[in-house]
Amino acid sequence: MSEDGNNMEEYPTEIHDYLAAFEKSLGSVDEMLKTMMSVSRSELLQKLDPLEQAKLDLVSVYTLNSMFWVYLATQGINPKEHPVKQELERIRTYMNKVKEITDKKKASKLDKGAASRFVKNALWEPNAENEHTSKTPTKGKKRQ
C-alpha cells in the first residue's frame, strides 16, 4: 500500500481526473474494437452500400492513426512533427469529400416541370370577368 501512496504523489492530484477520464475512454475504445473485430470485414462490407463502406474505412483508418498519434505522444515524440500529422489531414480531406456527397444526396431535388407549372399558375390568375368576356369577341378593348 505504501507503494500506491508513493505513486499518487508522483503526479499532481489535479490531473487525476484527466487520467481517470482517459482510462474510461480507453475502455470504450477497447469495447468498440472488440465489437468491430467480432464480425468479419467481408461480412460487414456486404451489408453496406459503397458510400457507407467508404465511411467505415475512413473512420477506421482515422481511429488507427489517432491512436498512433497518442502512442507517439506517450513515447515523448512530438506527433506534430511526424508524418502521421499529414496522414490525418489527408484522411480529413477525404472525410469532407464523403460528407459533401452525403449532403448532396440529402438535398432536395428540383422537379423542373412542377416548378414551371407552379410559376405559370402563380403568374396567371384569370378572374371571373375575363373568363366570360374571353369567350365572346370584344370590340375596343385596350391592351394593358
Would you compute the distance between atom [atom1] of [X] and atom [atom2] of [Y] and round it to the nearest 0.5 angstrom?
X	Y	atom1	atom2	result
Asp30	Ser25	CG	OG	12.5 Å
Leu19	Lys24	CG	NZ	15.0 Å
Leu44	Arg41	CG	CZ	7.5 Å
Ser40	Gln46	OG	CD	7.5 Å

Exercise: identify the closest heavy-atom pair between Leu45 and Gln53: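 In terms of heavy atoms, the two residues are closest at O-NE2, 2.8 Å.
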Check whether Leu33 and Val39 end up in the same hydrophobic cluster, where Ile, Leu, Val, Met, Phe, Trp and Tyr are linked by side-chain heavy atoms less than 4.5 Å apart.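 Leu33 and Val39: separate clusters.
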Residues Met67, Val29; criterion side-chain contact (heavy atoms from CB on, under 4.5 Å); working and verdict: CA-CA 10 Å; Met67 289 172 63; Val29 169; 4.2 Å; yes
Would one find more than 12 heavy atoms of other residues, nucleotides or ligands at under 6.0 Å from atom CD of Glu23?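 Result for CD/Glu23: open.
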Is the shortest distance from a Lys or Arg side-chain nitrogen in Lys85 or Glu89 to a carboxylate oxygen in the other one below 4.0 Å?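 Salt bridge flag = yes for Glu89 with Lys85.
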Identify whether the distance between the nearest side-chain nitrogen and carboxylate oxygen of Lys34 and Glu31 falls below 4.0 Å.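 Between Glu31 and Lys34 there is no salt bridge, as every charged N stays at least 4.0 Å from the carboxylate O atoms.
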Remaining members of Leu58's ILVMFWY cluster at a side-chain heavy-atom cut-off under 4.5 Å?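 Direct or chained contacts put Leu58 with Leu51, Val59, Val61, Tyr62, Phe68, Trp69, Tyr71, Leu72, Ile77, Val84, Leu88, Ile91, Tyr94, Met95, Val98, Ile101.
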Walk me through whether Lys97 and Glu100 qualify under salt bridge (charged side-chain N to carboxylate O under 4.0 Å, His left out). CA-CA 5 Å; Lys97 287 181 182 182; Glu100 287 175 18; over 6 Å; no
Steps toward side-chain contact (heavy atoms from CB on, under 4.5 Å) verdict (Thr102, Lys55): CA-CA 10 Å; Thr102 304; Lys55 286 180 183 180; 3.5 Å; yes
Out of Lys99, Lys105, Lys106, which one pairs with Asp103 under the salt bridge (charged side-chain N to carboxylate O under 4.0 Å, His left out) rule?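 Running salt bridge (charged side-chain N to carboxylate O under 4.0 Å, His left out) over Lys99, Lys105, Lys106 with Asp103 returns exactly one hit, Lys99.
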Between Glu52 and Asp57, does a side-chain contact (heavy atoms from CB on, under 4.5 Å) hold up when you go through it step by step? CA-CA 9 Å; Glu52 294 298 320; Asp57 288 341; over 6 Å; no
